[in-house]
Amino acid sequence: MDTHAVVPGAQAIARAASLLRLVTASGTGGASVSELARRAELTRPTTHRLLTALRREGLVDQDEHTGTWMPGPELFLMGNVAAARYDITEIARDIVRSLSVRTEESAFLSVRRGDETVCLVDEEGSFPIRSFVLHEGVRFPLGVASAGLAILAFQQPHDVDAYFERHPELAQRYGDAHSEARLRRRLAETKERGYSLNPGLIVKGSYGIGAAVFTRDGHPQWALSLNGVEFRFGPDRLPELGRTLLAHAHQLTSRIASARR
């Protein structure tokens, strides 16, 4: 059942929430109303009307010189309150840094937010050639980037089925490699191997591997990932990278369990 059709105002709330996610994903540089309208698949007048309403509530702000839209002060206050429950960046940051130092690749921590992953922490690797697919604030649907693939692989089977029912558009948006059948094969491979592999499916030549990080109750809520250029993730090196990644993911899972007792 489409709740937008039966709950008064739900469609407007969903659209406003989508715009908030897009604004925050744009970082400190902000985004224009035209860009936000295109990415949210809304008309420009509707987008401007929603952004204006959000600005009145302090949730977004507009640069008076450039006209770009950026996160507002109320989001900062809300985020500080939510961080006490959801934010693990402080206890994870040294583990992300260690992962990057050990592998010389760029390392990341992502968190599940609904049907997406959001990058919370990034640490650039020392290897001079890098991939720039991922950075703080970037969102991907579950199953697309290596972090989301790792998280989705360890969901309960009925939750995986429900996810695919909600998102039949993945192949159209991200290419045939993200059809349900092919994604399910990669999910099975991820569970067998312990970590996910994205062999340049988002940007050609940019490889990523991801490992799930679990709550005390055993739910995959976060993921550590490594990202770099293709020749650095060849079959001669991939198993070693995978072992190092899994060791760091296990360390973070154990730390989360200890910190939240």
Open item on the list: If hydrophobic clusters are built by linking Ile, Leu, Val, Met, Phe, Trp and Tyr wherever their side-chain heavy atoms come under 4.5 Å apart, do Ile91 and Val101 end up in the same one?
Closed with: no
TODO: Give the minimum heavy-atom separation between Pro235 and Pro239, together with the two atoms involved.
DONE: O-CD, 3.3 Å
Open item on the list: Can you see whether Tyr195 has Arg193 sitting over its ring - NZ or CZ less than 6.0 Å from the centre and within 45° of the normal?
Closed with: yes
Open item on the list: If hydrophobic clusters are built from ILVMFWY residues whose side chains come within less than 4.5 Å, do Val111 and Phe154 share one?
Closed with: no
Open item on the list: Counting only heavy atoms from other residues, nucleotides and ligands, does the tally under 6.0 Å from CG of Asp176 exceed 12?
Closed with: no
Open item on the list: If the threshold is 4.0 Å, N to carboxylate O, is there a salt bridge linking Arg184 and Asp161?
Closed with: yes
Task: Salt bridge flag under 4.0 Å for residues Glu105 and Arg237 - done: yes
- [ ] Mind listing the closest non-hydrogen atom pair of Leu170 and His178 along with its distance?
- [x] CB-O, 3.7 Å
- [ ] Apply the side-chain hydrogen bond (donor to acceptor under 3.5 Å, both in side chains) test between Ser98 and each candidate in His248, Glu123, Gln251; give the one that qualifies.
- [x] His248
Open item on the list: Would you call the rings of His48 and Trp69 parallel, tilted or perpendicular, taking 30° and 60° as the class edges?
Closed with: perpendicular
Open item on the list: I'd like to know if Arg232 and Glu104 make a salt bridge, using a cut-off of under 4.0 Å between side-chain N and carboxylate O.
Closed with: yes
Open item on the list: Do the side chains of Glu189 and Arg185 get close enough for a salt bridge, i.e. N-O under 4.0 angstrom?
Closed with: no
Open item on the list: In this structure, would Leu109 and Val118 fall into the same cluster of hydrophobic residues linked by side-chain contacts under 4.5 Å?
Closed with: yes
TODO: For the pair Arg21 and Glu116, evaluate side-chain contact (heavy atoms from CB on, under 4.5 Å) and give the outcome as yes or no after the intermediate values.
DONE: CA-CA 11 Å; Arg21 287 192 290 266; Glu116 298 179 312; 3.7 Å; yes
Task: Smallest separation among heavy atoms of Ser225 and Leu99, with atom names - done: O-CD2, 4.3 Å
Task: Note, Thr43 side chain near Thr47 side chain (heavy atom, < 4.5 Å) - done: no
TODO: Would you kindly say whether Thr68 and Thr66 are connected by a side-chain donor-acceptor distance under 3.5 Å?
DONE: yes
Task: Closest non-hydrogen atom pair between Gly148 and Thr117, with its separation - done: CA-CG2, 3.5 Å
Task: Shared hydrophobic cluster for Leu201 and Leu149 (ILVMFWY, side-chain gaps under 4.5 Å) - done: no
Task: Side-chain heavy atoms of Leu224 within contact of Phe108, under 4.5 Å - done: no
Task: Derivation of the side-chain contact (heavy atoms from CB on, under 4.5 Å) call for Ile209 and Asn198 - done: CA-CA 6 Å; Ile209 59 175; Asn198 185 326; over 6 Å; no
TODO: Indicate, with yes or no, if Ile202 and Leu187 share a hydrophobic cluster defined by side-chain heavy-atom contacts under 4.5 Å among Ile, Leu, Val, Met, Phe, Trp and Tyr.
DONE: yes
Open item on the list: Heavy-atom count check: over 12 atoms from other residues, nucleotides or ligands less than 6.0 Å from Glu169 CD?
Closed with: yes
Open item on the list: Under 4.0 Å between a side-chain nitrogen and a carboxylate oxygen: does that hold for Asp115 and Arg166?
Closed with: yes
Open item on the list: If the threshold is 4.0 Å, N to carboxylate O, is there a salt bridge linking Asp122 and Arg97?
Closed with: no
Task: Within 6.0 Å of NE2 in His250, more than 12 heavy atoms from elsewhere - done: no
Open item on the list: On a heavy-atom basis, which atom in Ser100 and which in Ser106 lie closest, and how many Å separate them?
Closed with: OG-CA, 4.5 Å
Open item on the list: So which atom in Tyr163 and which in Pro141 form the shortest heavy-atom distance, rounded to 0.1 Å?
Closed with: OH-CB, 3.6 Å
